[in-house]
Amino acid sequence: MSRLELSDLQKTFGDQRAVRDFTLTVEDGELVSFLGPSGCGKTTTLRMTAGFETPDSGSIVVDGSDVTDMPPNRRGMGMVFQGYALFPNMTAAENVEFGLAVRKRPTAERRTRVSELLELFGLAHVAGSYPHQLSGGQQQRVALARALAVQPGVLLLDEPLSAVDAKVREELRTEIRRMQVQLRITTILVTHDQSEALSISDRVVVMNRGAIEEVGTPAQIYAEPRSAFTAGFIGAMNEIPVRVVSGTHGQIERRGQRVTAPGAEGLPEGELAVLLVRPESLEPLQATSEVLNGDLTLRGRVEVQTFLGATTRLLLREQPAGPDDRYALPSSRRLAVDVASASAGQWPAGSELSVRIPVGSSRVIADRSAAPAAPAGLAPSIESVSRSSARG
Amino acid sequence: MSGGSMTGEATEETLPAIVAGAHAERLVRRRTRRRTRTPAWAAVVLGAAAVYFLVPLYATAVFGFSTGKAFTLQPLFAGLADDGFHSSLLLSLGYAIVTTCLALVVVAPTAYLVELRFPGLRSTIEFVSILPFVIPPIILTVGLSTVYGIRSPVNLISSEWAPVLLVGGYFVLTLPFAFRAIDNALRAVDVRMLSEAAASLGASPVHTFLRVIVPSISLGLVSAALLAFTTAMGEFTIAALLGYPTFPVYLLNVNAYLPREGEALVLVSFFITWAGVLALAAVARRAPGTQIVRGGPM
């Protein structure tokens with residue numbers, strides 16, 4: 001239970017700036033996730049916090065005391081590694097006991113604490129097993145128990161679930177959150193898995209190219225992303241080109257349809273902007289000639305249907321108006337529309353479909369071309385579509 | 001076994017994965033075939049090697065355990081009863097043990113630090129460690145006796161510190177084996193991650209090395225100890241030139257005037273070494289957690 005302040009951290013490896021201008025305060029008992037693609041600087045920031053990397057400048061303060069130059073073994077932080085990092089020569093119980101033994105705690109206290117933790121993580125029956133005799137999930141539980149045994153002020157989790165299979169991952173992340181809330185332990189979770197970050201964090205820090213892209217609660221990050229990068233990285237997001245008609249009134253226009261949309265206020269008039277809208281917000285229209293008040297429509301041909309369980313994703317290709325169509329969807333992208341699987345049969349591949357774009361659940365951002373492209377596989381691209389269909 | 005599981009997984013994967021899986025399976029099959037059918041040339045090589053190693057042993061035994069006409073253990077008993085045998089064996093054992101300890105104490109922490117903190121120094125350390133292969137022991141000894149000889153300002157050779165030269169020489173000769181064995185073991189475990197995990201739990205670097213790293217590389221340490229010990233036990237050139245009556249030097253002398261006794265003792269030393277090797281290997285096999293060091297997921 002500690003308050004962690006990271007101020008203006010900078011780190012360069014060779015000529016590559018790994019982390020820049022990183023400032024963040026993690027409140028007592030808060031779980032903050034660092035989310036971003038590989039190479040975005042999230043792990044480097046975590047390692048600087050742990051003391052395994054030294055920042056070029058900036059400071060790391062825990063409960064008011066500066067630990068920037070303190071060796072890792074004196075920082076009192078617990079860490080869980082992606083590859084478990086269990087000591088191969090020690091049993092599960094000995095691994096959990098290690099930190100207590102280092103601190104020279106009395107034997108009776110050590111035994112009690114170890115058996116409590118093993119019990120808590122459902123590991124009592126494997127206390128005497130060596131790491132190579134345990135499953136991935138069990139090994140990661142031992143690693144968690146080991147990190148918590150020393151009652152660290154701050155718990156650092158470096159992609160702790162990426163090496164375990166999907167079912168165990170879900171179980172473990174719930175367990176981590178339960179434990180973290182119960183012990184009110186200040187925690188940083190590094191992950192590239194957006195569902196992991198959104199499901200268990202109090203706040204999410206989205207990182208890109210070494211810097212913080214944005215910080216917010218999972219709901220804010222998901223519903224109101226402030227950048228195209230966040231929008232593309234968190235869940236699937238459609239990016240629809242529009243033109244700003246009036247920055248003063250927040251009015252945009254697309255193919256003759258003029259609406260007022262959130263986020264358009266203050267954008268330069270006459271310039272192109274991007275309307276961001278989630279696939280689940282789009283609604284198929286029954287009648288193509290339906291007149292809408294205040295919302296946009298888009299018409300296209302269904303190219304692929306991807307079954308996702310409760311919903312089915314339709315990928316729509318809009319016919320471009322010409323070679324210089326400035327409203328054309330980004331090349332290789334299609335409009336993703338999520339519909340209930342039960343009704344998906346109405347729109348087989350090849351059929352025409354009009355969708356309503358409710359501007360109330362969308363957001364306009366500027367300068368699409370300057371924003372980095374969303375990582376492959378997250379935004380609906382034609383490549384990911386062909387991969388999905390090959391799998392089916 | 002692995003071929004079967006690979007096929008099972010591939011059916012749920014994408015098309016490229018299926019293709020890759022099938023390719024991998026073919027490779028596995030091809031390898032398995034190679035493994036099960038021993039080619040004729042391998043048997044020939046194995047047979048030739050066996051002849052090369054066993055014939056001299058057999059000849060030594062025939063010569064050492066006979067009067068020239070009949071089998072007898074008399075040369076063996078005579079050899080074992082000789083005072084020189086006991087003193088030289090003890091001398092060699094003593095120096096070999098000191099050399100082995102020195103090799104472990106110096107090489108293990110060095111290799112650990114190179115792996116963890118100074119990866120840039122690896123090529124330099126590797127080069128230094130193989131120098132004994134390039135510089136023959138005789139050159140080493142001449143160098144040692146010049147630098148630390150009677151005319152040198154650091155005259156060790158006629159002082160009570162003279163054994164340091166012998167152990168130092170032995171130590172240099174053991175470097176290639178000790179470094180290689182320990183370095184391989186360190187590279188088989190994730191030294192960096194284990195060290196960081198120990199540090200995050202509050203362990204000092206020394207505590208981490210002794211309690212986490214050393215037990216994790218025990219097999220490598222045992223191999224290094226074995227190689228260092230046998231190298232030191234069998235070393236002749238440095239001991240002979242520096243004037244130490246070690247066991248190999250004694251064996252050569254005995255051979256000169258009592259050849260049958262000498263050969264009988266050569267066999268004894270051969271079996272002592274083998275017993276030592278097997279005993280250490282047995283200890284290593286029982287060390288906990290060594291499976292991790294021995295076999296990865298492949």
Side-chain angles (χ1 to χ4, degrees), chain A residues 46-47 49-53 70-91 94-105 128-133 136 142-143 146-152 154-158 384 386-392, chain B residues 9-21 116-117 119-120 185-222 284-298:
Chain A
L46 188 85
R47 290 176 58 79
T49 312
F52 300 134
E53 302 286 352
M70 196 182 268
N73 57 321
R74 301 205 343 239
R75 292 197 183 193
M77 296 184 186
M79 179 137 170
V80 174
F81 298 79
Q82 184 180 0
Y84 318 131
L86 294 182
F87 306 134
N89 56 305
M90 297 180 201
T91 62
E94 286 165 351
N95 264 284
V96 177
E97 195 184 349
F98 184 84
L100 298 168
V102 167
R103 284 165 175 72
K104 297 197 167 66
R105 296 275 169 78
S129 304
Y130 285 95
H132 70 267
Q133 298 167 321
V142 174
R146 181 177 70 175
L148 291 173
V150 295
Q151 294 169 308
V154 178
L155 181 65
L156 306 172
L157 308 170
D158 185 10
S384 65
S386 52
R387 272 206 301 277
S388 318
S389 48
R391 205 171 282 139
Chain B
E9 282 161 19
T11 51
E12 293 162 23
E13 280 303 325
T14 56
L15 196 63
I18 293 172
V19 175
L116 190 65
R117 299 263 169 88
L186 280 169
R187 289 171 136 201
V189 293
D190 194 334
V191 169
R192 177 175 295 277
M193 194 167 65
L194 290 181
S195 304
E196 288 178 352
S200 76
L201 293 164
S204 67
V206 174
H207 190 104
T208 303
F209 178 69
L210 293 177
R211 294 293 167 83
V212 176
I213 302 301
V214 165
S216 305
I217 58 164
S218 56
L219 207 68
L221 292 174
V222 169
R285 204 164 294 139
R286 246 181 272 147
T290 42
Q291 279 92 331
I292 298 292
V293 181
R294 233 180 281 143
M298 296 304 281

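Naming convention: chains lettered A, B, ... in sequence-line order (proteins, then strands); numbering from 1 in each chain.
Residues G220(B) and A185(B) come closest through the heavy atom pair CA-CB, 3.7 Å. Closest approach of P152(A) to G78(A), counting heavy atoms only: CB-N, 3.2 Å. Pairing each heavy atom of M193(B) with each of A85(A), the nearest pair is CG-CB, 3.4 Å.
Applying a 4.5 Å heavy-atom cutoff, the residues of residues 206-213 of chain B that approach chain A are H207(B), R211(B), V212(B).
For chain B, the nearby part of R103(A) is the side chain; its heavy atoms alone come within less than 4.5 Å. Both the backbone and the side chain of R146(A) come within contact range of chain B, each with at least one heavy atom under 4.5 Å from a heavy atom of that chain. Proximity to chain B is absent for every atom of L156(A), based on heavy atoms less than 4.5 angstrom apart. Proximity to chain B (any heavy atom under 4.5 Å) is shown, for M79(A), by both the backbone and the side chain. Interface remark: A147(A) contributes backbone atoms only to the contact with chain B (heavy atom separation under 4.5 Å). At a 4.5 Å heavy-atom cutoff, the contact between F98(A) and chain B is made by side-chain atoms alone.
Of the possible donor and acceptor atoms, none in the side chain of D158(A) sits under 3.5 Å from a partner among the backbone N and O of Q82(A). Between the side chain of R105(A) and the main chain of V150(A), no donor-acceptor pair closer than 3.5 Å is present.
Atom CD of E94(A) and atom CZ of F87(A) lie 11.5 Å apart (nearest 0.5 Å). Atom-to-atom distance recorded for F52(A):CZ and L46(A):CG is 9.0 Å, nearest 0.5 angstrom.
In terms of heavy-atom pairs under 4.5 angstrom with chain A, the leader among P205(B), A198(B), S204(B) is A198(B). Of the listed residues (T91(A), L86(A), V80(A), V102(A)), the greatest number of heavy-atom pairs within a distance under 4.5 Å of chain B belongs to V102(A).
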**Request:** Would you sort out whether F81(A) and D190(B) count as a side-chain contact (heavy atoms from CB on, under 4.5 Å), showing the intermediate values?
**Result:** CA-CA 12 Å; F81(A) 298 79; D190(B) 194 334; over 6 Å; no
**Request:** Would you check, one step at a time, whether the test side-chain contact (heavy atoms from CB on, under 4.5 Å) holds for L155(A) with M77(A)?
**Result:** CA-CA 6 Å; L155(A) 181 65; M77(A) 296 184 186; over 6 Å; no
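Within the 4.5 Å cutoff, no side-chain heavy atoms of N89(A) are placed close to those of S218(B).
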